[in-house]
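Accompanying notes for the structure given below.
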Amino acid sequence: MGLQIYNTLSASKEEFVPLNPWEVRIYVCGVTVYDSSHIGHARALLTFDVVYRYLRFVGYRVTFVRNFTDLDDKIIDRARQEGTTCDAIAARYIGEFNRDSKALGLLPPAHEPKATEHIAEIIALIRRLEEKGMAYQIDGDVFFPVERFPGYGKLSRRNLGELEAGARIEVDERKRSPLDFALWKGSKEGEPWWESPWGKGRPGWHVECSAMSTKYLGQPFDIHGGGLDLVFPHHENEIAQSEGAFARPLARYWMHNGFLNINREKMSKSLGNIFTIQEILAAREAEALRHYFLSSHYRSPLDFSAQGLEEAERSVGRIYETMDRVEQATASPDSATPDSTLLEAFRQEMNDDFNTPRAIALIFEEVRSLNRLLDEDKTEGLAGRAAALKAMAEALGLLQRSPPVFLKSRRQRWIEKQGLSEAGIEELIALRDRARREKRYQEADRIREKLGEMGIALEDTPGGTVWKLR
RNA sequence: GGCGGCGUACCCAAGUGGUUAAGGGAGAGGUCUGCAAAACCUCGAUGCGGCGGUUCGAAUCCGCCCGCCGCCUCCA
């Protein structure tokens with residue numbers, strides 16, 4: 001059986017059949033660049049990075065697009081607070097985002113369009129809606145009349161009656177329905193603006209994604225993704241605009257990742273429980289965060305904890321340590337043909353709506369068998385299995401670095417945090433080794449204990465004493 | 001009020017009708033070791049929030065109840 005994807009549109013898993021058999025076109029809503037990205041963003045980014053990687057792994061040519069919303073009320077507010085321009089704010093946080101995404105080990109998208117660079121396309125889309133009677137102008141604003149789009153609510157499984165009943169929005173009295181949303185906003189004093197058929201103004205929130213996704217991917221395209229919170233109203237409105245304008249589907253599969261909570265609470269500024277990506281990556285390896293997220297299913301809510309992340313870092317370290325052993329024992333696993341049984345098992349798990357927890361379980365089962373082979377000095381089949389493990393890990397974005405580099409980096413980070421010096425540690429180890437050679441074991445154990453208190457574990461291997469973090 | 005989700009061992013977390021309920025961490029015992037560590041082996045939920053029901057058979061379907069959470073407003 002092929003890949004099954006849970007489609008929010010049908011609220012069920014569906015066989016994934018792309019429009020063209022060999023390629024997949026996917027659009028993911030990126031970030032609004034008004035502040036630093038936090039680990040909730042990281043979950044969404046990593047979720048779709050794995051979708052992207054896995055689609056490539058199974059052989060598709062993938063066109064992946066992720067936008068920047070660089071035009072929005074929050075950016076305007078921020079610029080005002082700081083007495084600077086929206087451009088400056090957007091540029092700053094796009095820069096941060098690029099650093100974050102590199103640090104997270106994300107594959108770069110084919111396109112990263114910005115709203116401000118697609119004003120012409122946005123205006124064209126709104127005009128098209130006007131022609132079809134799906135836009136109305138009031139003063140300098142243009143709204144989308146939701147009752148003109150019969151499928152409104154199909155993604156979030158609501159009907160207009162329910163929505164209106166539950167609406168707690170401050171209603172703009174000029175709108176025909178409280179649910180109508182702005183396609184174009186007339187500019188107020190001090191706001192960025194562009195010339196348009198409706199006067200000076202700027203796009204509404206949802207319209208830029210409609211314009212940009214179809215510009216790069218056509219309509220329909222295969223997969224549209226984003227966080228669960230975007231289902232309503234953002235994605236619902238994208239569907240209304242794009243399908244209203246062109247009378248064909250916008251995207252065929254809608255994927256949404258679950259939320260990240262902190263200690264069972266939603267992350268929010270008012271609770272002060274937001275961790276930025278930069279804060280987390282200063283303390284932990286990026287692949288630890290990735291492993292932590294992939295250990296639960298992307299659609300489940302996930303509770304973030306420092307302890308969980310620490311455990312994840314150890315787990316990732318275990319995979320690296322095993323790969324390190326393999327590389328020391330065999331010439332080169334890279335030149336081996338990956339074990340096909342393992343790859344097939346991996347595909348089977350991932351084909352079930354990207355079941356990464358099971359894929360990771362598979363990786364650990366394999367880590368155990370590899371270690372057993374290594375313990376027993378058996379090299380038969382080792383390279384092929386290691387190659388398969390590596391291929392699986394890469395499809396998840398793990399094992400992006402060479403084992404020695406990763407292990408060294410983790411150790412280095414820890415030394416700095418503890419204010420220790422590598423030379424000092426080495427010196428103590430040398431002292432202990434001399435004591436051991438001279439069979440002064442009490443002395444040797446005393447030194448090891450001392451290092452232990454510093455958080456360092458020693459391993460006496462045939463090749464000499466190596467040290468690791470507790 | 002409307003819509004939706006979750007509750008699996010000490011912790012994290014898969015599993016949505018059928019042999020022994022994945023995997024990781026912690027724990028216990030063992031192999032190895034001067035002693036350790038790492039690695040490996042073994043053990044570990046007769047039970048999947050509670051109570052009923054459907055079924056030859058349910059963590060898995062249905063009903064009720066308890067507890068937690070999300071969306072309906074900007075939000076990944």
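Model, not experiment: these values are computed from the prediction. Throughout, protein chains are lettered first and strands after them, A, B, ... in sequence-line order, and every chain is numbered starting at 1.
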Reckon [X] has a side-chain N or O less than 4.0 Å from the OP1 or OP2 of [N]?
X         : N       : value
Arg368(A) : rG24(B) : yes
Arg440(A) : rG34(B) : no
Asn371(A) : rC40(B) : yes
Arg372(A) : rA39(B) : no

Checklist entry - What class does the angle between the rings of Phe304(A) and Phe275(A) fall in, given that below 30° is parallel, 30 to 60° is tilted and above 60° is perpendicular? => result tilted
Checklist entry - So Tyr320(A) and Phe406(A), would you call those rings parallel, tilted or perpendicular, with 30° and 60° as cut-offs? => result parallel
The side chain of [X] is closest to which nucleotide in this list: [options]?
X         : options                   : result
Ser296(A) : rA76(B), rA13(B), rG24(B) : rA13(B)
Arg358(A) : rA14(B), rC72(B), rA76(B) : rA14(B)
Lys468(A) : rA38(B), rA76(B), rA14(B) : rA38(B)
Glu365(A) : rG23(B), rA76(B), rA14(B) : rG23(B)

Item to check | Ring-on-base stacking rG23(B) with Phe364(A) (under 5.5 Å, under 30°) | outcome: no
Every protein N/O within reach of nucleotides 35-37 of chain B N/O, cut-off under 3.5 Å:
unit_1  : atom_1 : unit_2    : atom_2 : d
rC35(B) : O2     : Arg448(A) : NH2    : 2.3
rC35(B) : N3     : Arg448(A) : NH1    : 3.0
rC35(B) : N3     : Arg448(A) : NH2    : 3.4
rC35(B) : N4     : Asp460(A) : OD2    : 3.0
rA36(B) : N6     : Asp460(A) : O      : 3.2
rA36(B) : N1     : Asp460(A) : N      : 2.9
rA36(B) : N3     : Arg448(A) : NH1    : 3.1

Checklist entry - Residues in side chain to side chain contact (heavy atoms under 4.5 Å, CB included) with Lys74(A), at least two apart? => result Tyr34(A), Asp72(A)
Atom pairs under 3.5 Å, N or O on each side, protein against nucleotides 68-70 of chain B: can you list them with distances?
unit_1  : atom_1 : unit_2    : atom_2 : d
rC68(B) : O2'    : Arg264(A) : NH1    : 3.4

